[in-house]
Amino acid sequence: MAANNRRMSGKKGAQVGSGGQRRKGLEGRGPTPPAEMRKGHKKNRVANAKAKQAVRRTTPRGRGGKSTSELVVGRNPVVEALRGGVPASTLYVQQFIDNDERVREALQLAAERGGINLMEAPRPELDRMTNGLNHQGLVLQVPPYEYAHPEDLTGAAADAGEDPLIVALDGVTDPRNLGAVVRSVSAFGGHGVLVPERRAAGMTAGAWKTSAGTAARTPVARATNLTRALEAYKKAGLVVVGLAADGEAEVGDLQALDGPVVIVVGSEGKGLSRLVGETCDVRVRIPMPGGAESLNAGVAAGIVLYEAAGRRR
């Protein structure tokens, strides 16, 4: 009995417990991440090597006639781009990232879509890739957009046995306006959108998102010189119609919308440039009884396209 007491003598009073801290160790950590994101896995090492090569490939270059790849940076923008169907080639995820809801949703959306590479990269690599932007551990690479040639738009109309219905944008620099125009062209049976190569919005992730997926089936052509491209359309038999607040005719009275036509929309602030305005066969105005001074490019194009579609039924 004495020996037993000696063994018990080391315990004095109540024993100190874990205070519930051990419960955290029993909590689930969510679904098992893909092999590419598991540290030490062979696919993880391969993905890291590819990420470093991709960083070197995505170094910004000078603008040219062909679109370059684009990076969508940050957790919310990446998730929104994936939700909106923006084309993507690679989703970069920072090593040891806090796995919150947005990260999990981004991984899930990328996996469900298929064809998107998942690559884990250390933070310094992502910092370098994004030029120090606040990427929050998520970077989505959007592949270069393949612009059509201006002649492809009239060719598509000929293949369908229809009169060309094209919208050209002059000085429109907001990608969301471009996306809205693409969506309207698709909705009203148009054959494509023409944009100049310089000082104009291109098919960025923002334009893709605003187009609501219609950019996948409505071509966007890029012209080195917009005026020359419009002159070529005129020689091919198309009527070039410019939208202007001081146009000599109203849209509802324009018979040219019945046949092959190019509708030229200028910027909201400056309208049509001088050379483009002089190239137009006719300039028309949209009556606005409410007194608004101007409409943005997406709304203006939609109104004229609706009028044209009604005449072509």
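Along the sequence shown, the residues carry numbers beginning at 1.
No more than 12 heavy atoms of other residues, nucleotides or ligands shown are found within 6.0 angstrom of CZ on R123. Sparse packing is recorded around CD of E101, with 12 or fewer heavy atoms of other residues, nucleotides or ligands lying under 6.0 Å away. Counting non-hydrogen atoms of neighbouring residues, nucleotides and ligands closer than 6.0 angstrom, the CZ atom of R312 exceeds 12 such neighbours. By the neighbour-count criterion of 12 heavy atoms within 6.0 Å, atom CZ of R176 is sparsely surrounded, having that number or fewer from other residues, nucleotides or ligands. With a 6.0 Å radius and a threshold of 12 heavy atoms from other residues, nucleotides or ligands, E231 has its CD atom above the threshold.
Pairs engaging residues 295-305 under the salt bridge (charged side-chain N to carboxylate O under 4.0 Å, His left out) rule: none recorded [sequence neighbours left out]. The salt bridge (charged side-chain N to carboxylate O under 4.0 Å, His left out) contacts involving residues 183-194 comprise nothing, where partners must be two or more places apart or lie in separate chains. The salt bridge (charged side-chain N to carboxylate O under 4.0 Å, His left out) pairs that include a residue from residues 70-94 are R75-D100, E80-K209, R83-E105, where partners are two or more places apart or lie in different chains.
In this structure the side chain of V139 never reaches within 4.5 angstrom of the side chain of V78, judged on heavy atoms. The shortest distance between side-chain heavy atoms of T279 and K234 falls below 4.5 Å. Using a 4.5 Å cut-off on side-chain heavy atoms (C-beta onward), L295 and I303 make contact. Counting heavy atoms from C-beta on, the side chains of V220 and V182 come closer than 4.5 Å. Proximity of V93 to M119: side-chain heavy atoms (C-beta onward) are nowhere separated by under 4.5 Å. Counting only heavy atoms from C-beta outward, the side chains of V240 and V264 approach each other to under 4.5 Å.
The heavy-atom pair separating G242 from L272 by the smallest distance is CA-CD1, 3.9 Å. Closest approach of P196 and L226 over heavy atoms only: CB-CB, 4.2 Å. The shortest heavy-atom contact between G137 and I97 is O-CD1, 3.6 Å. Minimum interatomic distance between S184 and G302 (heavy atoms only, all atoms of both residues): OG-CA, 3.9 Å.
Taking CG of L230 as the reference point, atom SG of C280 lies at 6.5 Å (rounded to 0.5 Å). Summarising the geometry, atom CG belonging to D98 is positioned 11.0 Å from atom CD belonging to Q136; distances are rounded to the nearest 0.5 Å.
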Run the side chain to side chain contact (heavy atoms under 4.5 Å, CB included) test on L91 and N117 for me, step by step, so that the C-alpha distance in whole Å, both residues' side-chain angles and the decisive distance to 0.1 Å come before the verdict. CA-CA 6 Å; L91 175 62; N117 298 317; over 6 Å; no
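Using modelled atom types, no side-chain atom of Y147 and backbone atom of G202 make a donor-acceptor pair closer than 3.5 Å. Put simply, the side chain of D152 gets close to the backbone of H149: a donor and an acceptor are under 3.5 Å apart. The closest donor-acceptor contact from the side chain of Y92 to the backbone of E125 lies at 3.5 Å or more, if one exists at all. For the pair R113 (side chain) and L82 (backbone), a donor-acceptor distance under 3.5 Å is present. With E248 contributing its side chain and R283 its backbone, the two residues share a donor-acceptor pair below 3.5 Å. Put simply, the side chain of R285 never gets that close to the backbone of V251: no donor and acceptor are under 3.5 Å apart.
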Please table the atom pairs, donor to acceptor, closer than 3.5 Å between any side-chain atom in residues 253-262 and protein atoms at least two apart or in another chain.
from, atom 1, to, atom 2, distance (Å)
D258, OD1, R311, NH1, 3.4

Please tabulate, for the side chains in residues 156-171, all donor-acceptor contacts under 3.5 angstrom to protein atoms that are two or more places apart in sequence or on a different chain.
from, atom 1, to, atom 2, distance (Å)
E162, OE1, H191, NE2, 2.7
D170, OD2, S273, N, 2.7
D170, OD2, S273, OG, 3.0

Show the atom names and distances, to 0.1 Å, of all donor-acceptor pairs under 3.5 Å that link a side chain in residues 211-218 to residues at least two apart or in another chain.
from, atom 1, to, atom 2, distance (Å)
S211, OG, W208, O, 2.7
S211, OG, A215, N, 3.4
T214, OG1, S211, O, 2.6
R217, NE, S186, OG, 3.4
T218, OG1, T214, O, 3.4

